[in-house]
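All remarks here apply to the structure that follows.
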Amino acid sequence: MEVLNVFAAALGAFVLGSVWYMVLAEPWIQASGVPRGPDGKPEGGMNPGIFVMSFVLQLVVAGMMRHVFALSGLDTPGAGLVAGIGVGLFLISPWIALNNLYAMRPFRLSLIDGGYATLACAAMGLILTLF
């Protein structure tokens, strides 16, 4: 059952990311500095391997969150949601901001990516504690 809830948590975060980045595609492209082709879309398109690897990395995060939750005794949806928000907001988002700071990327990129990290971890935390 734990493998299933880790998979479901990763899938939930992945789907949330699809929606998040579709809605924020234009601001993200501007902030990230991804080069555009003549059609205005990112040059070279998107390699499907990126999506596969993204999901695998979501599985890694969800698996570690499940492990930490089990060790901490977090087992209610409310506690999972709050802990997930904490992981995203206080662990992942600052690291994203740190990397963007040294890469001299706009703070807006940190807000977009950190916002997703926070929402995705919140969703993972909630899903991990639902069953």
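For R66 (side chain) and L128 (main-chain N/O), no donor-acceptor pair under 3.5 Å exists by modelled atom type. Judged by distance alone, the side chain of W20 and the main-chain N or O of I112 form a donor-acceptor pair under 3.5 Å. Remark: side-chain polar atoms of S72 are not paired, donor with acceptor, to backbone N or O of F69 under 3.5 angstrom.
Criterion: ILVMFWY side-chain heavy atoms under 4.5 Å apart, direct or through other members. Under it, F51 and V15 are part of a common hydrophobic cluster. Under a hydrophobic-cluster definition in which Ile, Leu, Val, Met, Phe, Trp and Tyr are linked whenever side-chain heavy atoms come within less than 4.5 Å, directly or via other members, L119 and L11 are assigned to different clusters. A continuous path of hydrophobic side-chain contacts links L74 to L91 [ILVMFWY only; heavy atoms under 4.5 Å]. Both L130 and L4 are assigned to one and the same hydrophobic cluster, defined by single-linkage of ILVMFWY side chains at heavy-atom distances under 4.5 Å. When the side chains of ILVMFWY residues are joined at heavy-atom separations under 4.5 Å, either directly or via intervening members, L109 and V23 end up in a single hydrophobic cluster.
In summary, the aromatic rings of F7 and F55 are positioned with their centroids under 6.0 Å apart.
At a threshold of 4.5 Å between non-hydrogen side-chain atoms, the residues I85 and C121 do not count as touching. Put simply, the side chain of Q58 does not reach to within 4.5 Å of the side chain of M53, judged on heavy atoms. A 4.5 Å side-chain heavy-atom check between L24 and Y116 finds every atom pair outside the cut-off. Side-chain atoms of F14 and L59, non-hydrogen and from C-beta on, never get closer than 4.5 Å to each other.
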(request) Tell me, with the steps shown, if Y21 and D113 meet side-chain contact (heavy atoms from CB on, under 4.5 Å). (result) CA-CA 9 Å; Y21 286 105; D113 291 342; 2.6 Å; yes
(request) Begin with the C-alpha distance, continue with both residues' side-chain angles, and end with the deciding distance and a verdict on side-chain contact (heavy atoms from CB on, under 4.5 Å) for R36 and Q30. (result) CA-CA 10 Å; R36 296 177 190 237; Q30 289 174 0; 3.8 Å; yes
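The minimum heavy-atom distance between P94 and G88, with the atom names listed, is CD-O, 4.4 Å. Of all the heavy atoms in A122 and L81, the pair that sits closest is O-CD1, 3.6 Å. Summarising the geometry of M65 relative to G84, their closest heavy-atom pair is CE-CA, 3.8 Å, with the distance given to 0.1 Å.
Annotation for F107: atom CZ does not count as buried by contact number, only 12 or fewer foreign heavy atoms lying within 6.0 Å.
Residues forming a side-chain contact (heavy atoms from CB on, under 4.5 Å) with A8 (at least two apart in sequence, or on another chain): I127, F131.
Note: I92 CD1 to T118 OG1 = 8.0 Å, rounded to the nearest 0.5 Å. Expressed to the nearest 0.5 Å, how far CG of L57 lies from CD1 of I50 amounts to 11.5 Å. The structure places CD1 of I96 at 7.5 Å from OG of S110, a figure rounded to the nearest 0.5 Å. How far CG of L16 is from CE of M124: 9.5 Å, rounded to the nearest 0.5 Å.
With respect to the salt-bridge test (charged N to carboxylate O, under 4.0 angstrom), the residues E26 and R108 do not qualify.
Counted by atom type alone, D75 and T129 present zero donor-acceptor pairs between their side chains at under 3.5 Å.
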